[in-house]
Novice: 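Once you've had a glance at the structure underneath, I'll fire off some questions.
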Amino acid sequence: MSKFYNRELSWLGFNYRVLSEAKDKSIPLMERLKFLSITASNLDEFFMIRVASLKDMVHARYTKKDIAGLTPKEQLETISQGTHELVESQYNIYNRSFLPSLKRQGLKIITQYENLTKEQAAYVDNYFLKEVYPVLTPMAVDSSRPFPLIRNKSLNIAALLMDKKQKDTYDFATVQVPSVLPRIVTVPSEKEGETAILLLEQVIEKNIQKLFLNYKVLAATPYRVMRNADLTIDEDEAADLLIEIEKQLKKRQWGEAIRLEVERGIDKRLLKILKKELMIQEEDIFKIHGPLDLTFLMKVYGMEGFDHLKEPRFTPQPPKNLDMDRDLFEQIREGDILLHHPYETFNPVVNFVRLAAKDPDVLAIKQTLYRVSSHSPIIASLAQAAENGKQVTVLVELKARFDEENNIVWARKLEKAGCHVIYGLVGLKTHSKITLVVRREEDGIRRYVHLGTGNYNDSTAKLYTDMGIFTCKRPYGEDATAVFNMLSGYSEPLAWNKLSLAPIWLRNKFVALIERERDNALKGKPAKIIAKMNSLCDAGIIKALYDASAAGVEIDLIVRGICCLKQGIKGMSETIRVRSIVGTFLEHSRIYYFENDGDSEIYMGSADWMPRNLDKRVEILFPVEDEKLKEQIVHVLDLQLADNQKAHLLQPDDVIDKEKGSPVDIYGGIYKKVERRGKAPVCSQIQFCREAKNRL
């Protein structure tokens with residue numbers, strides 16, 4: 001029996017937990033709709049990266065087993081079964097729950113073109129001729145016109161054509177559904193107060209005959225292709241990393257086809273052609289009972305007139321530890337400041353850079369950027385700082401997945417403004433979140449530092465839970481300077497004051513902290529670990545946790561997504577409890593608590609307990625030393641451990657053996673909602689919102 005769950009099946013289990021929010025009728029209807037859309041978006045990325053990577057291994061005849069004992073081929077087989085089951089569940093919810101529920105609330109999604117009234121059909125046909133037809137490019141396939149390249153994730157319509165003169169043969173054609181047009185088409189409703197919509201592909205499909213006047217359209221159906229989008233970059237050979245990544249981004253659209261979605265009931269001849277031309281395997285074909293690509297539901301969520309079906313929008317509040325009307329630098333000098341997003345506004349972080357850009361006493365600003373918003377005020381401030389004559393150094397991580405193109409744009413803008421731009425280190429992603437401001441003051445040079453668990457993205461800071469601190473303590477400032485010297489040159493300090501960095505020191509730091517708790521437990525001293533992160537799949541860390549549990553250490557893990565650790569195994573993980581919290585906000589902060597014989601230590605940072613974070617990325621772990629701030633962080637952990645509304649508990653391994661079912665359960669673990677009978681309801685995210693509001 002393996003001591004670990006499979007990473008990919010554990011991730012699928014997480015997507016099932018997101019899907020469970022779409023099923024939860026205690027949640028407003030539009031919010032449930034949003035969760036279903038998120039599961040579709042998550043699944044797309046899963047295929048483009050994780051499934052694609054496994055297929056590459058199979059093509060390379062790589063047969064080494066993962067920590068759960070599965071070869072890449074075996075993983076693909078179990079993933080195929082698990083993802084088909086997941087998609088079936090998605091569309092069961094969509095068809096059986098959402099369509100009738102939305103209709104009762106005045107939003108009718110028309111599923112069959114034939115269901116249109118005469119007035120609606122006339123309106124749609126007119127819309128097609130005036131707005132859609134001029135944009136379309138039908139592409140026929142014959143001896144002189146080869147099968148076209150179908151772009152990754154694009155929605156298309158396949159058509160089977162018969163020449164009206166030569167009726168014994170048929171041809172294939174494809175039409176891309178234009179992304180420049182809205183996918184949701186609003187049509188006149190037959191009922192007062194009702195909104196009626198249908199999808200753009202339905203409009204094109206039912207008018208497709210107009211594109212092929214000399215042919216009879218025998219069959220037409222939407223299809224969608226998912227391709228391998230994992231970039232392969234030889235950084236050692238790349239003369240210019242920025243140019244090399246730009247080249248690879250263009251190739252992403254044409255990678256190997258790894259998933260084909262078609263509507264259920266597709267003509268067999270059409271499917272045969274698509275299967276052959278795209279070189280797709282039968283197990284990678286998904287026959288969908290409903291509209292392809294459910295991410296369109298996010299657009300439905302954004303439609304006007306349905307606010308009563310949504311949660312009241314929460315506005316991030318002023319921070320508990322900060323007076324927004326006072327000088328920020330002065331307050332940092334008075335003591336460390338803790339921020340908790342999105343419950344507290346991200347504005348102080350934005351203002352930190354903005355004020356530094358304008359302050360005549362600031363000499364230099366240094367920052368790492370992994371993902372930023374499309375209209376980032378931080379980028380604007382950094383550019384202004386350089387134009388104001390300050391030394392500005394920015395590490396823009398070009399290899400941030402699916403943000404490469406955005407980051408290239410920002411890198412060029414910053415360079416144009418006069419900033420020193422670094423593109424990261426060869427072979428590593430720089431995932432750390434740190435900003436350093438160097439300021440001349442009456443008593444000399446002082447360094448102000450911001451360290452965080454999340455990206456410098458003012459948009460996602462309203463959706464992701466993250467934490468950060470401001471400090472100007474000398475040891476942190478010295479370490480921050482050392483970090484940037486290491487990133488921009490070849491300088492590696494012999495020792496660090498406070499910070500621990502991956503990929504060189506961080507793994508050993510975590511293992512040492514866990515082993516200290518183990519040793520304390522063996523000596524009869526207080527020993528406890530609470531760790532909150534996005535994912536846990538590092539075998540070395542898990543083994544250290546198993547050893548600590550065997551010694552009697554009480555371990556609570558709050559892991560949002562992947563968790564390869566098995567709990568409840570006698571003599572190995574009996575004292576370990578794993579929970580995943582899935583709610584309105586995406587749990588993103590990384591917090592690590594160690595009891596340390598009554599003298600507790602708390603660390604935060606950018607790293608999860610994953611091999612890539614510990615071995616292949618530049619990550620920063622920092623201690624929180626102020627006792628008041630530590631109390632606030634412990635409160636956050638305690639409240640999340642008390643959550644009985646949004647928490648899902650990983651079941652002991654023996655329970656999973658008895659309930660064998662889906663491969664997701666067997667290889668990824670079973671999670672169940674907390675038993676709530678007789679208990680007062682506790683939703684940590686709602687409580688944090690209340691606490692933030694009550695401070696005013």
Side-chain angles (χ1 to χ4, degrees), residues 1-5 10 67 500 505-560 562-581 589-605 607-611 613-614 621-625 627 630-631 633-643 647-656 669 671 674:
M1 180 189 73
S2 173
K3 296 179 180 178
F4 307 94
Y5 289 124
S10 179
I67 59 175
S500 300
W505 302 276
L506 190 51
R507 173 182 291 280
N508 291 340
K509 174 73 172 181
F510 276 130
V511 171
L513 290 167
I514 295 168
E515 289 179 344
R516 185 180 64 187
E517 296 303 310
R518 176 203 64 191
D519 294 343
N520 283 341
L522 290 172
K523 295 173 185 175
K525 297 179 179 180
K528 180 168 68 173
I529 297 171
I530 306 173
K532 180 182 185 299
M533 68 202 80
N534 296 315
S535 299
L536 168 57
C537 60
D538 185 82
I541 294 290
I542 293 173
K543 287 175 182 176
L545 291 170
Y546 285 159
D547 288 344
S549 177
V553 180
E554 293 294 324
I555 302 173
D556 281 295
L557 303 174
I558 307 167
V559 186
R560 183 193 82 222
I562 300 164
C563 181
C564 296
L565 175 146
K566 290 186 174 184
Q567 71 171 53
I569 299 176
K570 190 173 182 180
M572 188 175 81
S573 58
E574 290 174 280
T575 65
I576 301 178
R577 295 162 295 274
V578 180
R579 62 176 45 217
S580 169
I581 295 176
S589 51
R590 290 94 168 185
I591 308 170
Y592 303 97
Y593 171 96
F594 300 92
E595 181 67 23
N596 189 30
D597 189 20
D599 186 16
S600 64
E601 292 182 1
I602 295 177
Y603 298 86
M604 300 196 301
D608 293 315
W609 281 346
M610 304 178 74
N613 294 97
L614 301 177
L621 183 75
F622 55 93
V624 179
E625 297 180 320
E627 290 301 322
K630 286 170 68 175
E631 287 177 10
I633 295 171
V634 168
H635 169 67
V636 169
L637 295 174
D638 286 344
L639 193 51
Q640 295 228 303
L641 292 175
D643 193 310
H648 303 248
L649 303 184
L650 176 62
Q651 300 303 294
D653 199 48
D654 59 348
V655 172
I656 293 165
Y671 286 77
V674 177

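Values in this document were obtained by computation on a predicted structure and should not be read as measured data. Here, residue 1 is the first one in the sequence, and each next residue gets the next number.
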Novice: With heavy-atom distances below 4.5 Å as the criterion, would you say the side chains of I541 and L614 are in contact?
Specialist: yes

Novice: Please tell me whether K566 and S573 have a donor and an acceptor in their side chains that are separated by less than 3.5 angstrom.
Specialist: no

Novice: Under the 3.5 angstrom rule, does the side chain of S10 hit a backbone N or O of G669 as a donor-acceptor pair?
Specialist: no

Novice: Step by step, work out the side chain to side chain contact (heavy atoms under 4.5 Å, CB included) result for L650 and Y5.
Specialist: CA-CA 12 Å; L650 176 62; Y5 289 124; 4.2 Å; yes

Novice: Give a yes-or-no answer on whether the side chains of T575 and S549 include a donor-acceptor pair shorter than 3.5 Å.
Specialist: yes

Novice: K630 side chain to S600 main-chain N or O, any donor-acceptor pair under 3.5 Å?
Specialist: yes

Novice: Between the side chain of Q640 and the main-chain N/O of I558, is any donor-acceptor distance below 3.5 Å?
Specialist: no

Novice: What I'd like to find out is whether the side chain of L649 reaches to under 4.5 Å of the side chain of R577, using heavy atoms alone.
Specialist: no

Novice: Testing the basics here: between C563 and Y671, what is the closest heavy-atom pair and its distance to 0.1 Å?
Specialist: CB-OH, 3.5 Å

Novice: Do you know the tightest heavy-atom contact between C537 and P611?
Specialist: SG-CD, 3.8 Å

Novice: Do you know which two heavy atoms are closest between D597 and P526, and how far apart they sit?
Specialist: OD1-CD, 3.2 Å

Novice: Backbone N or O of M572 within a donor-acceptor pair of the E574 side chain at under 3.5 Å?
Specialist: no

Novice: Would you call D538 and R507 a salt bridge, taking side-chain N to carboxylate O under 4.0 Å as the test?
Specialist: yes

Novice: Quick check: closest heavy atoms across A521 and A551, and the distance to 0.1 Å?
Specialist: CB-O, 3.5 Å

Novice: Under 4.5 Å between any side-chain heavy atoms of I542 and F4, yes or no?
Specialist: yes

Novice: Show the numbers, then the answer: is there a side chain to side chain contact (heavy atoms under 4.5 Å, CB included) between Y593 and K532?
Specialist: CA-CA 9 Å; Y593 171 96; K532 180 182 185 299; over 6 Å; no

Novice: What are the two closest heavy atoms between D608 and S535, and how far apart are they?
Specialist: CB-O, 3.4 Å

Novice: Got a donor-acceptor contact below 3.5 angstrom from the Y546 side chain to the K3 backbone?
Specialist: yes

Novice: State, with a plain yes or no, whether a side-chain heavy atom of R590 is found less than 4.5 Å away from one of W609.
Specialist: no

Novice: Mind running side chain to side chain contact (heavy atoms under 4.5 Å, CB included) on R579 and D643 for me, showing each step along the way?
Specialist: CA-CA 10 Å; R579 62 176 45 217; D643 193 310; 4.1 Å; yes

Novice: Provide the closest heavy-atom pair for I555 versus A548 in the form atom of the first, atom of the second, distance.
Specialist: CD1-CB, 4.1 Å

Novice: Test side chain to side chain contact (heavy atoms under 4.5 Å, CB included) on L536 and L545 and set out the steps.
Specialist: CA-CA 11 Å; L536 168 57; L545 291 170; 4.2 Å; yes

Novice: Just how far is it from atom CG of N534 to atom CG of N613, taken to the nearest 0.5 Å?
Specialist: 8.5 Å

Novice: Hey, what do you get for CD1 (I530) to CG (L637), rounding to the nearest 0.5 Å?
Specialist: 5.5 Å

Novice: Does any pair with a residue in residues 509-529 pass salt bridge (Lys or Arg N to Asp or Glu O under 4.0 Å), and if so which ones, sequence neighbours excluded?
Specialist: R516-E601

Novice: Can you confirm whether S500 sits close enough to L506 that some side-chain heavy atom of one is under 4.5 Å from a side-chain heavy atom of the other?
Specialist: yes

Novice: Drop me the distance from E554's CD to I529's CD1, to the nearest 0.5 angstrom.
Specialist: 10.5 Å

Novice: Report the distance from atom CD1 of I562 to atom CE of M610, rounding to the nearest 0.5 Å.
Specialist: 4.5 Å

Novice: Any side-chain heavy atom of I514 within less than 4.5 Å of one from F594?
Specialist: yes

